[in-house]
Amino acid sequence: MWKRKSMKRKAIALLKQNYWRMISVCFLIALLTTSYAVSTTFLNLQLPSGSESADAVFTLTIPNSEAVIDAVRNIAAGTPLPSLFNGFPEDALSVLIDLFSTTISVFFTLLRTVNTAFTDGLSLPLIFSAFSILLAFFYQIFVSNILIIGERRFFLENRSYRQTPVSKIFFLYKLRCERHPAWVMFCRSFFQFLWNFTVIGGIIKHYEYLLIPYILAENPKAGRKDAFFLSKQLMRRNKWKFFLLDLSFLGWHFLSLCTLGFLSYVFVHPYAAACRAEIYACLRRNYVLSRSPGYESLNDSYLEHVPSEDELLISKALYDDSQGPYTKISYFAPEQYPVFLFSVQPPLKAVKNPVNPARRYDALSYLFLFAAFSIFGWILETLLQLITGGIWTAEPILTGPWLPLYGAYGVLSLLLFRRLYRKPVITFILNVLLYSVLEYFSSLAIELLTGIRVHDYSDFFLNLGGRIYLGGSVSFAIIGCAFLYYLAPRWTDRYMKLGHSRRVALCVILYALFTADVIFSFWLIFT
């Protein structure tokens with residue numbers, strides 16, 4: 001049996017020992033998944049101020065509250081609406097809806113599609129909006145749920161291995177083992193959705209299914225029935241205790257609201273996540289020791305037993321004899337989980353040399369990366385518009401698939417911050433500042449030159465002149481760090497394999513197309 005105070009003390013001890021990694025993981029999970037909705041809302045909250053500029057040609061998304069209220073009005077079809085949807089109460093309702101919902105959601109994307117069907121009928125916007133439902137669904141299943149399992153894995157390893165890397169949240173992608181966990185998590189969400197209609201049953205099933213992500217984090221190959229069965233068994237006579245545990249965090253969540261979500265990032269989320277990981281470890285330990293039904297699926301003994309150096313050397317020697325995927329590329333670092341002993345191993349083609357963020361880049365590589373990251377930015381923005389808003393708005397300045405702001409930002413991040421890669425927190429903060437300055441002055445310059453207001457963030461909370469807002473800068477900083485730490489080194493490695501003549505030819509083609517697009521686009525604007 002576990003005691004709440006004991007689990008919290010252990011969680012606090014872990015937080016003191018590995019503070020920056022733990023808050024980094026929770027911060028990434030909050031921004032990349034549907035978890036921790038309230039804390040992320042303040043970064044992307046759109047206030048119902050009605051200050052949208054008519055000259056703006058691009059808006060980020062349709063607020064969830066607007067989608068709900070428009071859907072109610074469309075379905076009412078002229079029927080007088082309750083006073084709740086008129087005047088100030090509507091503004092208050094909008095804030096509440098946006099506060100407790102996430103940007104990427106299949107439900108709200110479906111609502112936007114329904115609204116589009118009412119207003120536009122069968123049209124191109126409706127097709128884009130319907131396609132966005134599919135994108136949101138796949139994001140939820142194959143990105144959000146997979147990263148949630150990765151977060152659980154990080155906190156389980158972090159209990160015994162203090163140098164567990166933040167990249168552990170991507171461990172299922174590294175193992176090429178996403179489809180089965182994604183299916184189990186989909187079943188969990190679907191069954192939970194059905195049970196929610198009974199209200200009380202939904203609350204009970206929420207706690208009964210609570211440990212499924214932890215079971216998949218320990219054993220990604222666990223069957224659907226096994227995962228549900230084990231979670232049910234582990235939570236037997238523990239659901240009420242978990243409910244009381246969640247109640248004990250309500251005070252912290254209220255304080256977090258008072259700090260606009262800041263306290264959640266720096267303390268509440270990592271504290272609660274560490275506490276739940278401790279409880280799971282205690283429950284699974286007792287379950288395995290008692291040899292209860294299905295305990296064989298809880299097969300990762302190294303979460304509890306940290307092998308000695310001699311054990312690692314012997315295991316490594318035996319593993320090398322097996323000619324497995326980690327034979328050529330394998331290591332064990334102090335205070336890190338021995339990945340080559342994990343029960344699930346990646347295919348040989350998935351095992352790659354470690355990325356070197358500090359690598360050198362020549363002038364040709366920088367030219368290639370500018371073009372590559374500009375195209376990548378266009379693809380990313382297009383998908384983001386479809387997923388969050390159900391619409392697609394072409395880049396207002398350039399005709400082709402380019403967003404030079406991404407390219408300039410990525411190259412400048414490499415030039416300025418590459419040597420700071422060992423200090424990820426400082427690198428992230430500097431990326432926030434760099435992007436903020438770039439977008440603000442590029443937006444101002446484009447408006448002065450062409451008279452076009454590219455973006456209008458006036459309705460967004462914590463914006464500066466409607467040209468930048470905090471949520472956008474934070475999101476871009478994450479993309480910039482991904483470019484610095486992973487994308488740029490990987491893309492450059494592949495680019496260098498082309499040979500000098502092919503690399504020159506590729507750059508010539510890319511920049512010829514880019515220059516032609518710039519000339520044509522500005523010709524259209526000024527004529």
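Computed from a predicted structure; not experimentally measured.
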- Task: Step by step, work out the side chain to side chain contact (heavy atoms under 4.5 Å, CB included) result for L298 and N219.
- Result: CA-CA 7 Å; L298 304 177; N219 181 8; over 6 Å; no
- Ring-face cation contact, Y361 with R359, 6.0 Å cut, 45° max: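 Here R359 passes the 6.0 Å and 45° test against Y361.
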[X]-[Y] aromatic ring centre distance below 6.0 Å:
{"X": "Y287", "Y": "Y295", "answer": "no"}
{"X": "W491", "Y": "F376", "answer": "yes"}
{"X": "Y409", "Y": "F483", "answer": "no"}
{"X": "F228", "Y": "F191", "answer": "yes"}
{"X": "F243", "Y": "W240", "answer": "yes"}
{"X": "F155", "Y": "Y214", "answer": "no"}

Counting distance only, does the side-chain N/O of [X] pair as donor-acceptor with the main-chain N or O of [Y] below 3.5 Å?
{"X": "S475", "Y": "G471", "answer": "yes"}
{"X": "Q17", "Y": "L14", "answer": "no"}
{"X": "T259", "Y": "L263", "answer": "yes"}
{"X": "Y495", "Y": "R503", "answer": "yes"}
{"X": "T492", "Y": "A488", "answer": "yes"}
{"X": "S248", "Y": "L245", "answer": "yes"}
{"X": "S160", "Y": "L303", "answer": "yes"}
{"X": "Y19", "Y": "V266", "answer": "yes"}
{"X": "S256", "Y": "S264", "answer": "yes"}
{"X": "N238", "Y": "L234", "answer": "yes"}

- Item | Partner of Y337 by side chain to side chain donor-acceptor pair (under 3.5 Å), out of T164, N158, D300 |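 Single pass found, and it is D300.
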Around atom [atom1] of [X], are there more than 12 heavy atoms from other residues, nucleotides or ligands closer than 6.0 Å?
{"X": "F186", "atom1": "CZ", "result": "yes"}
{"X": "R179", "atom1": "CZ", "result": "no"}
{"X": "K232", "atom1": "NZ", "result": "no"}
{"X": "R419", "atom1": "CZ", "result": "no"}

- Query: Taking it one step at a time, do E311 and S308 satisfy side-chain hydrogen bond (donor to acceptor under 3.5 Å, both in side chains)?
  - Reply: CA-CA 5 Å; E311 288 179 278; S308 66; 3.3 Å; yes
Would you tabulate the side-chain donor-acceptor contacts of residues 202-210 under 3.5 Å, counting partners in other chains and residues two or more places apart, or write 'none'?
{"residue": "K205", "atom": "NZ", "partner": "E208", "partner atom": "OE2", "Å": "2.9"}
{"residue": "Y207", "atom": "OH", "partner": "D246", "partner atom": "OD2", "Å": "2.7"}

- Message: Any donor-acceptor pair under 3.5 Å linking the side-chain atoms of Q163 with those of R21?
- Response: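 Judged by distance alone, the side chains do pair up.
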- Mind listing the closest non-hydrogen atom pair of L403 and E381 along with its distance?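 Taking every non-hydrogen atom into account, CD1-CG, 3.2 Å.
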- Query: What closest approach, in Å, do A222 and V184 show between heavy atoms, and which atom pair accounts for it?
  - Reply: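 Answer, listing the atom of A222 first, then V184: O-CG2, 4.3 Å.
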Would you call the rings of [X] and [Y] parallel, tilted or perpendicular, taking 30° and 60° as the class edges?
{"X": "Y406", "Y": "F476", "answer": "tilted"}
{"X": "H253", "Y": "H269", "answer": "tilted"}
{"X": "F193", "Y": "F197", "answer": "perpendicular"}

- Item | L369 CG to L487 CG distance, which is reported to the nearest 0.5 Å |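 L369 CG to L487 CG: 9.5 Å, rounded to 0.5 Å.
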- Query: Can a salt bridge be assigned to the pair E304 and R159 using a cut-off of 4.0 Å between side-chain N and carboxylate O?
  - Reply: yes
- Please report the C-alpha distance between L462 and Y469 in whole Å, then the side-chain angles of each, then the deciding distance to 0.1 Å, and finally whether the side chain to side chain contact (heavy atoms under 4.5 Å, CB included) criterion is met. CA-CA 6 Å; L462 299 175; Y469 73 105; 5.9 Å; no
- Could you give me the CA-CA distance, side-chain angles and deciding distance for F417 and I426, then say whether side chain to side chain contact (heavy atoms under 4.5 Å, CB included) is met? CA-CA 9 Å; F417 311 140; I426 295 176; over 6 Å; no
